[in-house]
**Q** 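Here you go, one structure.
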Amino acid sequence: MLNHFVNGSGEAVDLDMDAFMNEIPELQEEVKKAQQKVIDKVLADAEERGIDGPTTYPIRTGQTGWGYPENAVNGRTYVYDNPDWATALGSFHYWLEGEVTVYPPDESGGDYTYSMDNTVHMNKWYSWERGNDAPLFDTSGWRSKIAQVTHSDLAFLHQAGIAQEFWVRGGTDLPTVEG
């Protein structure tokens, strides 16, 4: 990502979202939790309305910021353990789009069932913070050679027209969830 930034094209980077999610199991768990929230909400609505035939709910969740621990802002600590992605992206936003079809119970007093087909999307505006003189990296390993480089230094590259900020995007269809 840093190389793309300094090459200066400004073109969006499309991630292989399947590989991205496979490399960040914590994101997989986060997405499952988001799916379950949608399912719970849809089932509660179907039950409250007393639907008596298959009903399809379109879904599009709001964008959720993810990557930093709760209440943290732009730090070096992340809620996922993949150091390569943490260095390349840090935090980003994700959301779900798709539909949930709810089916009424087969017998009175039974449970509603559902089938959910959805896509997870992510995006991030790849940029650096002006006025932030905190070092980008800690001083361990190869990072010690560039530990003195700050967010402001990289922001200056953009301001001077040497580098260009850009969007990072991705999306993938998720397996159907039934219950």
**Q** Is there side-chain contact between D16 and E23, with at least one heavy-atom pair below 4.5 Å?
**A** no
**Q** Say you draw a straight line from OG1 of T87 to CG of L2; how long is it, rounded to the nearest 0.5 Å?
**A** 10.5 Å
**Q** Check the pair M17, M21 against side chain to side chain contact (heavy atoms under 4.5 Å, CB included), reporting the backbone distance first and the verdict last.
**A** CA-CA 6 Å; M17 193 66 175; M21 288 191 60; 4.2 Å; yes
**Q** What distance do N7 atom CG and F166 atom CZ have between them, rounded to the nearest 0.5 Å?
**A** 9.5 Å
**Q** Got more than 12 heavy atoms from elsewhere within 6.0 Å of CD, E47?
**A** no
**Q** Are the side chains of T55 and V42 in touch, meaning some heavy atoms are under 4.5 Å apart?
**A** no
**Q** Is it possible for you to say whether V168 and Y80 belong to one hydrophobic cluster, with membership spreading through side-chain heavy-atom contacts below 4.5 Å?
**A** yes
**Q** Dump the intermediate steps for side chain to side chain contact (heavy atoms under 4.5 Å, CB included) on W128 and H158, then the final yes or no.
**A** CA-CA 9 Å; W128 297 97; H158 172 72; over 6 Å; no
**Q** Do V120 and V13 sit in the same hydrophobic cluster, where Ile, Leu, Val, Met, Phe, Trp and Tyr count as joined when their side-chain heavy atoms come under 4.5 Å apart?
**A** yes
**Q** Identify whether W66 and Y68 are in the same connected component of the hydrophobic contact network (ILVMFWY, side-chain heavy atoms under 4.5 Å).
**A** yes
**Q** To the closest 0.5 Å, what do you measure between CG (L89) and CD1 (I24)?
**A** 7.5 Å
**Q** Is the gap between the ring centers of Y126 and W167 under 6.0 Å?
**A** no
**Q** Do W95 and M122 land in one hydrophobic cluster if side-chain heavy atoms of ILVMFWY residues count as linked below 4.5 Å?
**A** no
**Q** Between T61 and I59 (side chain of the first, backbone of the second, donor and acceptor by atom type, cut-off under 3.5 Å), is there such a pair?
**A** no
**Q** Do E26 and Y78 meet the criterion of a side-chain donor-acceptor pair at a distance under 3.5 Å?
**A** no
**Q** For residues I162 and V6: do they belong to one hydrophobic cluster (side chain heavy atoms under 4.5 Å, members Ile, Leu, Val, Met, Phe, Trp, Tyr)?
**A** yes
**Q** How far does CG of L96 sit from CD of Q35, to the nearest 0.5 angstrom?
**A** 6.0 Å
**Q** With a 6.0 Å cut-off on the ring centroids, do F20 and F92 count as close?
**A** yes
**Q** Distance-only, no hydrogens or angles: does the H4 side chain make a donor-acceptor pair with backbone N or O of E11 under 3.5 Å?
**A** yes
**Q** When you measure from the side chain of D45 to the backbone of K41, do you find a donor-acceptor pair of N or O atoms at a distance under 3.5 Å?
**A** no
**Q** Check the pair F156 / D153 against side chain to side chain contact (heavy atoms under 4.5 Å, CB included), numbers first and verdict last.
**A** CA-CA 5 Å; F156 177 76; D153 293 332; 5.8 Å; no
**Q** To the nearest 0.5 Å, what is the distance between CD1 on I39 and NZ on K32?
**A** 12.0 Å
**Q** Dump the intermediate steps for side chain to side chain contact (heavy atoms under 4.5 Å, CB included) on D111 and L43, then the final yes or no.
**A** CA-CA 9 Å; D111 292 329; L43 289 175; over 6 Å; no
**Q** For a quick test of your reading: what N or O donor-acceptor pairs under 3.5 Å do the side chains of residues 97-107 make, sequence neighbours left out?
**A**
residue, atom, partner, partner atom, Å
E97, OE1, H121, NE2, 2.9
E97, OE2, R60, NE, 2.9
T101, OG1, T56, OG1, 2.9

